[in-house]
Amino acid sequence: MARQGSFFLKSLVLFLGFVGFVPFGAKAAVKKYQFDIQVKNVSRLCHAKPIVTVNGMFPGPTIYAREGDRVLVNVTNYAEYNMSIHWHGLKQFRNGWADGPAYVTQCPITRGQSYSYGFNITGQRGTLWWHAHILWLRATVYGAIVILPKQGTPFPFPQPDQEANIILGEWWNTDVEQVINQANKLGIPPNMSDAHTINGKPGPLFPCSEKHTFAMEVEWGKTYLLRIINAALNDELFFAIAGHNMTVVEIDAVYSKPFSTQALLIAPGQTTNVLVQANQNPGRYFIAARPFIDVPIPADNKTAIAILQYKGIPNTVMPILPQLPSPNNTEFVMSYNDKLRSLNTPQFPAKVPLNVDRHLFYTIGLGRNPCPTCVNGTQFTASLNNITFVMPQIGLLQAHYFNIKGVFRTDFPDRPLKSFNYTGAPLTANLGTSLGTRLNRVAFNSTVELVLQDTNLLTIESHPFHLHGYNFFIVGRGIGNFDPAKDPAKFNLVDPPERNTAGVPTGGWTAIRFTADNPGVWFLHCHLEVHTTWGLKTAFVVEDGKGPNQSILPPPKDLPPC
Ligand SMILES: *[C@@H]1O[C@H](CO)[C@@H](O)[C@H](O)[C@H]1NC(C)=O
Ligand SMILES: *[C@@H]1O[C@H](CO)[C@@H](O)[C@H](O)[C@H]1NC(C)=O
Ligand SMILES: *[C@@H]1O[C@H](CO)[C@@H](O)[C@H](O)[C@H]1NC(C)=O
Ligand SMILES: *[C@@H]1O[C@H](CO)[C@@H](O)[C@H](O)[C@H]1NC(C)=O
Ligand SMILES: *[C@@H]1O[C@H](CO)[C@@H](O)[C@H](O)[C@H]1NC(C)=O
Ligand SMILES: *[C@@H]1O[C@H](CO)[C@@H](O)[C@H](O)[C@H]1NC(C)=O
Ligand SMILES: *[C@@H]1O[C@H](CO)[C@@H](O)[C@H](O)[C@H]1NC(C)=O
Ligand SMILES: *[C@@H]1O[C@H](CO)[C@@H](O)[C@H](O)[C@H]1NC(C)=O
Ligand SMILES: *[C@@H]1O[C@H](CO)[C@@H](O)[C@H](O)[C@H]1NC(C)=O
Ligand SMILES: *[C@@H]1O[C@H](CO)[C@@H](O)[C@H](O)[C@H]1NC(C)=O
Ligand SMILES: *[C@@H]1O[C@H](CO)[C@@H](O)[C@H](O)[C@H]1NC(C)=O
Ligand SMILES: *[C@@H]1O[C@H](CO)[C@@H](O)[C@H](O)[C@H]1NC(C)=O
């Protein structure tokens, strides 16, 4: 480890801004926020550069609400980039207009314009997050959403004394839009990030880190709830605190069966709540995050560090480093994921669909398409069922709601047209894909099982998939090819983890189930931004039901036009 001296970080400013549990009144209420999209000059790793922020903050402001509240966020764009904000994991029942992905549920908020996102928080409590959902702007435009239980409703785990948000991110020294534009032009993967960050700060393993290390002060004997969010663009991360085990109690704003662990894995898009007891020798302990990479592809493997410091301990005490799983420790990842279970109590039941109306099987492919202007005459591409998604010029939800023809087709195939040995030896042919804005139509209230199958076209890799508008149950997971004859017998239909973002293992498959009871157009995509950019995305059109509260609400008046 380099630069021992800098570990002392005498000038650290300790984070004492823990939040109590009643930041506002008891009754369900309307919570109003103003988000000004502003460019601010920010310095990390000895480099200063202008970044896009919300209200000049990096990370951005936390949204606090209670279950049952209505939230209004007026977003005003003062930056030169088009903007839209996604409220990641909020179900937005009948209300896709507030979901946020650009050209999926809305047109962007252009410079000088405002759009007020209005949504009710119904039947959800826990940690979620918000981020830009256009271009690569989510690299710096992100923040936490903390949904407290209804007043008087306790957590289903021991009440912590205090809580803090821990947001993991990725930092580039150059402008992220230039990074991705350059890569797209050349047809090659984008430059990897220069650092990982914890609450926007890379920590003492990086230069110029004195002021850029997040440190939290704890009191001996107290229990802390940490709300951990992975806001990184392209990296699944291991996370650990030296000398302290963590008890996982919630994932993606769903309570889970508690278990103790020395380290956890969190994929981009996911959140994990843990309880940490400050019950060790009072001292200074490093908190660390580093990627999980189990394929030989170039990736930023650098470690971000923060500090957990007991009250009364001076900044000159040398902190202890935690033991993170090695970057390629697939075994740890499998065993960690196996421990994740829904709480499944009478108060918080796991309503797993037992009968399936629609069986879907989507293959994930990385490939190359011709590109005459690119350096090697080809560009990297990605596909689902061999279809690379083409973004439309107007919002898909508008096209659906107003019945505008010619924007998308609803002929996305339920399974690949050609079956092959998906995870067998890499194929040298068939690396091309077909292009299209193709969606799958799903009947209201039907039950859907989707098996996402990684393939070895070009290379296998793990993919965290995010579905908008829903949580789903991860009923099964495996390595190799999904076997429809044998694998379903092993599904967990009792207490599978419920999430909004699920990892598909490297060279393997993941089976998810959900009930399509939220009408609208809902994005489904890999949450590795580089893969989304290459086309690893599609959407479901969930039809309206016949009942009075089963159709898409009318759009708000200030919905941005195209
Ligand atoms: C950002 O800060 C750097 C270093 O202080 C300075 O050189 C640069 O001009 C600033 N850029 C802007 C846009 O203010
Ligand atoms: C949003 O903010 C802008 C800029 O301050 C303001 O003009 C607009 O009236 C606000 N909209 C709402 C709905 O509050
Ligand atoms: C949100 O709840 C309010 C009542 O508090 C209701 O009037 C409104 O229609 C709901 N909006 C959505 C988008 O569900
Ligand atoms: C990406 O990395 C290459 C090689 O280090 C460098 O020449 C290029 O300027 C970088 N691009 C951007 C946009 O930073
Ligand atoms: C953390 O858990 C491991 C494995 O269960 C155990 O060996 C260790 O003693 C625990 N450490 C602390 C500080 O509780
Ligand atoms: C990180 O990657 C570099 C090459 O990019 C390699 O030399 C180094 O050993 C890796 N570090 C770890 C911890 O895997
Ligand atoms: C993980 O990486 C280490 C060091 O690079 C290597 O020795 C080991 O074989 C790898 N393990 C697996 C399971 O690939
Ligand atoms: C271009 O192709 C050559 C030969 O296959 C390869 O060595 C090189 O890495 C490729 N360059 C890029 C930018 O993909
Ligand atoms: C698929 O490929 C793998 C790896 O090459 C091989 O072990 C397996 O037998 C193949 N399966 C089939 C059905 O051909
Ligand atoms: C994907 O589609 C392209 C273009 O139609 C075709 O050339 C290729 O063989 C297909 N690959 C697979 C794996 O189906
Ligand atoms: C959805 O279907 C289930 C099972 O068929 C039924 O019990 C439920 O009432 C339906 N819900 C709605 C909103 O139609
Ligand atoms: C911003 O969005 C508007 C509305 O969709 C579009 O007309 C314009 O081309 C976009 N600007 C850029 C730079 O993409």
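Quick note: residue numbers are just sequence positions, from 1.
Not counting sequence neighbours, Arg368 has no partner by the salt bridge (charged side-chain N to carboxylate O under 4.0 Å, His left out) test. Scanning for salt bridge (charged side-chain N to carboxylate O under 4.0 Å, His left out) contacts around Glu449 gives Arg513, with sequence neighbours left out. Qualifying side-chain hydrogen bond (donor to acceptor under 3.5 Å, both in side chains) partners for Arg111, counting only residues two or more places apart in sequence or in other chains: none. In this view, Lys490 and Asp487 satisfy the side-chain hydrogen bond (donor to acceptor under 3.5 Å, both in side chains) rule, not counting sequence neighbours. In terms of the side-chain contact (heavy atoms from CB on, under 4.5 Å) criterion, residue partners of Pro413 (sequence neighbours excluded) are, by chain and number, Asn385, Ile387, Leu417, Arg438. Residues that satisfy the salt bridge (charged side-chain N to carboxylate O under 4.0 Å, His left out) test with Lys32, not counting sequence neighbours, are absent from this structure. When the side-chain contact (heavy atoms from CB on, under 4.5 Å) test is applied to Thr538, the partners found at least two apart in sequence or on another chain are Tyr362, Leu384, Phe389, Phe412, Leu524. Not counting sequence neighbours, Arg415 has no partner by the salt bridge (charged side-chain N to carboxylate O under 4.0 Å, His left out) test. For Arg94, there are no side-chain hydrogen bond (donor to acceptor under 3.5 Å, both in side chains) partners two or more places apart in sequence or in a different chain. Among residues two or more places apart in sequence or in another chain, the side-chain hydrogen bond (donor to acceptor under 3.5 Å, both in side chains) test is passed with Trp534 by none.
Two rings, from Trp97 and Tyr117, have their centers 6.0 Å or more apart. Aromatic ring centres of His88 and Trp129: separated by under 6.0 Å. The aromatic ring centres of Tyr470 and Phe93 sit 6.0 Å or more apart. Between Tyr142 and His131, the gap from one ring centroid to the other reaches at least 6.0 Å. The distance between the ring centers of Phe465 and Phe472 does not fall below 6.0 angstrom. In this structure, Tyr422 has its ring center under 6.0 Å from that of Phe420.
Formation of a donor-acceptor pair under 3.5 Å by the Asp69 side chain with backbone atoms of Val30 is not found in this model. The main-chain N or O of Gly503 is found under 3.5 Å from a side-chain atom of Thr510 such that the two form a donor-acceptor pair. In terms of modelled atom types and a separation under 3.5 Å, the side chain of Asn492 and the main chain of Val494 share a donor-acceptor contact. Checking side-chain atoms of Asn518 against main-chain N and O of Lys91 turns up a donor-acceptor pair under 3.5 Å. Within the 3.5 Å criterion, the main-chain N or O of Glu250 finds a donor-acceptor partner in the side chain of Ser256. At least one donor-acceptor pair closer than 3.5 Å links the side chain of Ser84 to the backbone N or O of Gly100. In this structure, the side chain of Arg138 engages the main chain of Leu233 through a donor-acceptor pair within 3.5 Å. Judged purely by atom type and a 3.5 angstrom limit, Arg66 uses its side chain to pair as donor or acceptor with the backbone of Pro149. In this structure, Asp235 contributes its side chain and Pro291 its backbone to no donor-acceptor pair below 3.5 Å.
Atom CD of Glu80 has more than 12 heavy atoms from other residues, nucleotides or ligands within 6.0 Å.
Within the 4.5 Å cutoff, no side-chain heavy atoms of Phe444 are placed close to those of Asp544. Looking only at side-chain heavy atoms (C-beta outward), Tyr255 and Thr345 stay at 4.5 Å or farther from each other. Side-chain atoms of Ile228 and Asn230, non-hydrogen and from C-beta on, never get closer than 4.5 Å to each other. Side-chain contact check for Ile364 versus Leu452: some heavy-atom pair is nearer than 4.5 Å. Within the 4.5 Å cutoff, no side-chain heavy atoms of Asn234 are placed close to those of Pro268.
Residues in residues 511-562 take part in these disulfide (SG to SG under 2.5 Å) pairs, two or more places apart or across chains: Cys107-Cys562.
A side-chain donor from one of Thr127 and Asn273 sits under 3.5 Å from a side-chain acceptor of the other. Remark: the Thr433 side chain and the Asn386 side chain contain no N/O donor-acceptor pair separated by less than 3.5 Å. Checking Asp252 against Asn471 by side-chain atom types alone, no donor-acceptor pair falls below 3.5 Å. A side-chain donor-acceptor contact under 3.5 Å links Asn74 and Gln34. Under the 3.5 Å distance criterion, with hydrogens and angles disregarded, a donor-acceptor pair is assigned to the side chains of His86 and Asp99. With hydrogens and angles left out, the side-chain atoms of Ser462 and Glu236 include a donor and acceptor closer than 3.5 Å. Side-chain atoms of Thr533 and Trp136 include a donor-acceptor pair closer than 3.5 Å. His531 and His463 share a donor-acceptor pair across their side chains, judged by distance under 3.5 Å alone. Thr447 and Asp357 form a side-chain donor-acceptor contact under 3.5 Å, judged by distance and modelled atom types alone. Side-chain contact of Ser114 with Thr76: a donor-acceptor pair under 3.5 Å is present, judged by distance alone.
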Check the pair Asn440, Asp414 against side chain to side chain donor-acceptor pair (under 3.5 Å), reporting the backbone distance first and the verdict last. CA-CA 8 Å; Asn440 209 330; Asp414 283 6; 3.1 Å; yes
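Of the residues listed (Thr455, Asp454, Thr423), the one engaging Asn481 in a side chain to side chain donor-acceptor pair (under 3.5 Å) is Thr423, and it is the only one. None of His468, Lys537, His466 except one satisfies the side chain to side chain donor-acceptor pair (under 3.5 Å) rule with His525; the exception is His468. Put simply, the residue from Tyr78, Trp130, Tyr115 that forms a ring pair (Phe, Tyr, Trp, His ring centres under 6.0 Å) with Phe35 is Trp130.
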Using a 3.5 Å cut-off and no angle test, enumerate the donor-acceptor pairs between side-chain atoms of residues 395-405 and protein atoms at least two apart in sequence or in another chain.
| residue | atom | partner | partner atom | Å |
| --- | --- | --- | --- | --- |
| Asn403 | OD1 | Lys405 | NZ | 3.0 |

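Minimum interatomic distance between Ala443 and Ala516 (heavy atoms only, all atoms of both residues): O-CB, 3.9 Å. Contact record, Phe540 with Leu467: CD1-CD1, 3.8 Å, taken as the closest heavy-atom pair.
Rounded to the nearest 0.5 Å, atoms OG1 (Thr437) and CD (Gln393) are 9.0 Å apart. Between Gln38 atom CD and Ile51 atom CD1 the span is 11.5 Å, to the nearest 0.5 Å. Rounded to the nearest 0.5 Å, atoms CD1 (Ile121) and NZ (Lys31) are 8.0 Å apart. Leu536 contributes atom CG, which lies 8.5 Å from atom OG1 of Thr388 (distance to the nearest 0.5 angstrom). The CD1 atom of Ile251 sits 11.0 Å away from atom CG of Leu264, with the distance rounded to the nearest 0.5 Å. Rounding to the nearest 0.5 angstrom, the gap separating the CG atom in Leu431 from the CG atom in Asn369 is 9.0 Å.
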